[in-house]
Amino acid sequence: MDLIKVAESAFESGIEMPKFGPGDTISVHYKIKEGNKERIQVFKGVVIQIKGHGNNKRFTVRKISNNVGIERIFPMNSPFIEKVELNRAGKVRRARIFYLRGLTGKKARIKEKRI
Amino acid sequence: MPGLIGKKIGMTSVFSADGKNVPCTVIEAGPCVVTQIKTVEKDGYEAVQLAFDDKKEKSTTKPMKGHFEKAGTTPKRKLVEFNKFEKEWKLGDKITVADIFEEDIFVDVTGISKGKGFQGVVKRHGFRGVNDATHGQHNRLRAPGSIGASSYPSRVFKGMRMAGRTGNERVKIQNLRVLKVIPENNLILVKGSVPGARNSYLIIEK
């Protein structure tokens with residue numbers, strides 16, 4: 001198993017990510033290819049889960065856009081991620097905050113973590 | 001063809017340069033030791049015999065011990081012949097991955113496939129079975145169907161594909177792209193899958 005990790009580490013995207021977890025609000029700067037032009041789109045929302053391990057690790061970000069909840073899954077090692085910004089550390093009690101999907105408005109707020 | 005003996009480590013997936021998530025197999029290839037050089041004059045054909053993976057001295061037979069001693073190496077488990085190397089190798093030389101392989105070339109990988117036991121024709125030969133569970137079918141879903149005509153020939157032709165032992169045979173997968181060569185750990189990453197279980201021996205040829 002160890003040698004698989006060696007092989008995977010040779011393909012790491014190499015971008016530095018801030019440490020974030022579920023409940024945190026982050027902005028993901030994502031490269032989008034249109035024809036042969038490349039532009040960067042920012043997806044800002046709450047991390048609702050981190051899944052997988054090693055090369056296969058990915059995180060789900062949820063945001064409300066035009067009153068519609070949007071969730072997007074990003075692989076941690078994706079070469080399309082330009083950078084990730086941590087906007088707000090949230091205080092939550094569980095690792096997967098799916099209860100957020102059923103809440104809107106003031107109920108859907110997350111307490112800020114004070115350090 | 002020139003190549004090396006290796007060991008299957010396992011599978012994973014990596015992101016390629018254009019952002020695609022590519023399935024790949026990690027193989028530990030070499031270092032292999034040259035244990036014999038066959039020539040036209042002596043053996044009737046040209047080949048280089050390579051050895052891979054250490055084995056205990058006490059589980060090596062005396063004749064084999066002498067064979068390894070000639071090359072000046074410890075006993076090895078797996079011996080395979082290759083030919084048409086670009087470089088001339090001498091007895092006892094160590095060949096590593098970086099000597100043979102590079103990125104973006106295509107290789108053929110040979111191994112012993114996983115044994116699957118006694119299997120029906122659908123798994124073994126890719127028959128389709130009966131595609132319908134209704135219209136009067138009840139126990140013929142994966143059956144082979146007719147295996148021949150009646151009074152003529154009054155027998156079943158030889159080689160008729162039927163159920164039986166599946167897997168555990170030599171399989172070669174051709175034209176696998178080399179995604180990466182990591183010389184420090186003797187690793188080679190090829191796109192796609194290769195035959196065999198983890199830790200089974202593989203022959204990787206250019």
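Quick caveat, the model's predicted, so the values are computed rather than measured. To find a chain, count down the sequence lines: A is the first, B the second, and so on, and within it residues start at 1.
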Peer 1: Looking at B:N185, B:I27, B:I182, B:N186, which one forms a side-chain contact (heavy atoms from CB on, under 4.5 Å) with A:L3?
Peer 2: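 Of B:N185, B:I27, B:I182, B:N186, side-chain contact (heavy atoms from CB on, under 4.5 Å) with A:L3 is met by B:N185 alone.
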Peer 1: For A:R39, is the CZ atom crowded, meaning more than 12 foreign heavy atoms sit under 6.0 Å from it?
Peer 2: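 Count over threshold, so yes.
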Peer 1: Surrounding NZ of B:K65 (heavy atoms of other residues, nucleotides or ligands, distance under 6.0 Å), is the total greater than 12?
Peer 2: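 It does: B:K65 NZ has more than 12 such atoms within range.
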Peer 1: Can you tell which part of B:E184 gets under 4.5 Å to a heavy atom of chain A, answering side chain, backbone, both or neither?
Peer 2: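 The answer is neither part of B:E184.
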Peer 1: Within the supplied structure, the quantity of interest is the number of heavy atoms (other residues, nucleotides, ligands) at a distance under 6.0 Å from A:K31 NZ; does it exceed 12?
Peer 2: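 Yes.
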Peer 1: With a cut-off of 6.0 Å (strictly less than), are more than 12 heavy atoms of other residues, nucleotides or ligands near NZ of B:K191?
Peer 2: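 No.
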Peer 1: Please find the pair of heavy atoms, one from B:F15 and one from A:P75, that lie closest to each other, and give the distance.
Peer 2: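 So the minimum-distance heavy-atom pair works out to CZ-CB, 3.6 Å.
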Peer 1: Which heavy atom of B:S16 sits nearest a heavy atom of A:P79, and at what distance?
Peer 2: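 What the structure gives for the nearest pair is O-CG, 4.2 Å.
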